[in-house]
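Heads up: numbering here begins at 1 and tracks the sequence. One-based numbering, in listed order, for ligands and for the atoms of each.
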Amino acid sequence: MARLTTIGFDADDTLWQNEEFYRLTEAQFAALLADHASEETISSELMKINLRNLEFYGFGIKSFTLSMIETALTITGGNVPTRVISEILAAGRELMTHPVEPLPHAVSALEAVRDNYRIVLVTKGDLLDQERKLAQSGLGDYFDGVEIVSAKTVETYHAVFARHGDGPEHGMMVGNSLKSDVVPAIEAGAWGVFVPHDLTWAAEHADAPSGHPRFHEIPHLGDLPPLLDRLQ
Ligand SMILES: [Mg+2]
């Protein structure tokens with residue numbers, strides 16, 4: 001097997017908490033429209049609009065905010081009070097100020113791999129917001145490279161591991177999304193390590209490539225160093 005030289009890490013809900021803040025904002029949003037529809041209806045409409053808008057706006061808080069406004073317009077039949085629009089905008093901005101703290105085992109895992117591998121952060125979302133979170137997390141110095149991308153596809157991993165490493169066959173991607181972090185990385189020829197998180201956005205689900213020789217699942221990042229020892 002090709003030697004592993006480069007490890008890519010997902011950021012949101014792999015190195016730090018993210019989805020829980022979106023869920024809180026979504027609950028706040030549903031409360032604003034409680035007179036018009038049930039929380040379930042609002043949630044499923046928001047999900048639908050959010051997914052449709054990804055191809056126009058990409059991932060991140062700005063996209064999510066625009067989707068909340070569009071959902072409010074749909075749910076109210078165009079009669080959304082301007083006060084509600086203001087509150088949606090405020091809720092979106094608030095999402096950009098939530099504190100960023102590394103998840104348990106994140107620091108020790110990065111500490112354990114930094115000397116023997118090149119490590120790259122691979123994340124999607126709003127450029128400014130992802131930069132802010134990285135700075136606030138205090139993890140910036142661990143990375144040899146940072147890639148803030150619009151989507152995580154097979155081509156993304158080809159490009160990232162070519163730019164920062166020795167190609168995908170010498171690379172590994174570690175993250176909480178089967179759809180974005182694991183499956184396309186394996187398809188590109190890299191190892192894919194799934195680290196599940198309790199809260200993962202429904203749009204990030206995919207079938208685990210169970211049985212694939214380059215697929216591994218670990219309960220938390222603390223199990224990454226022993227996995228690497230076994231692989232090498
Ligand atoms: Mg993630």
Side-chain angles (χ1 to χ4, degrees), residues 6-26 47 50-51 54 57-64 67 95-96 98-110 113 119-140 142-143 145-157 159-161 164 171-188 190-209 215-224 227:
T6 312
I7 304 176
F9 283 89
D10 167 54
D12 291 339
D13 298 312
T14 297
L15 296 176
W16 55 68
Q17 211 75 258
N18 179 65
E19 181 66 17
E20 80 169 46
F21 301 110
Y22 274 83
R23 301 282 174 102
L24 290 170
T25 305
E26 194 176 317
M47 180 73 178
N50 216 343
L51 287 177
L54 284 181
Y57 309 138
F59 296 87
I61 293 172
K62 282 185 284 187
S63 175
F64 185 62
S67 293
L95 255 182
M96 295 190 189
H98 67 74
V100 182
E101 276 171 40
L103 285 168
H105 308 291
V107 171
S108 63
L110 292 171
V113 302
I119 52 181
V120 187
L121 186 81
V122 190
T123 179
K124 58 186 162 66
D126 291 316
L127 181 59
L128 199 60
D129 186 46
Q130 297 307 87
E131 287 174 341
R132 169 193 74 87
K133 288 192 280 191
L134 179 59
Q136 240 187 59
S137 72
L139 300 177
Y142 286 105
F143 296 100
V146 174
E147 292 279 349
I148 301 172
V149 297
S150 55
K152 290 170 163 177
T153 62
V154 179
E155 293 71 35
T156 310
Y157 291 111
V160 165
F161 287 119
H164 298 280
M172 168 185 280
M173 183 65 196
V174 180
N176 74 303
S177 168
L178 284 164
K179 188 175 175 190
S180 295
D181 301 319
V182 177
V183 171
I186 289 176
E187 214 171 301
W191 278 270
V193 178
F194 179 41
V195 192
H197 186 281
D198 297 347
L199 297 178
T200 294
W201 190 33
E204 296 292 352
H205 292 305
D207 289 335
F215 171 68
H216 294 276
E217 178 171 340
I218 53 177
H220 55 71
L221 285 177
D223 281 358
L224 183 64
L227 170 66

So does [X] have any N/O/S atom less than 2.8 Å away from the Mg ion (ligand 1)?
X	answer
Asn176	yes
Asp12	yes
Asp181	no

Proximal heteroatom of Asp10 relative to the Mg ion (ligand 1) (N/O/S): OD2
Do His164 and Glu147 have side-chain atoms, one donor and one acceptor, less than 3.5 Å apart? yes
Under 4.5 Å between any side-chain heavy atoms of Trp16 and Pro102, yes or no?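 Trp16 vs Pro102: side chains apart.
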Going by the salt bridge (Lys or Arg N to Asp or Glu O under 4.0 Å) test, which pairs reach into residues 9-19, not counting sequence neighbours?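 Qualifying pairs, neighbours excluded: Asp10-Lys152, Asp12-Lys133, Glu19-Arg23.
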Can we say Lys124 and Glu204 salt-bridge, meaning some charged N sits less than 4.0 Å from an Asp/Glu carboxylate O?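 Judged by the 4.0 Å cut-off on N to carboxylate O distance, Lys124 and Glu204 do form a salt bridge.
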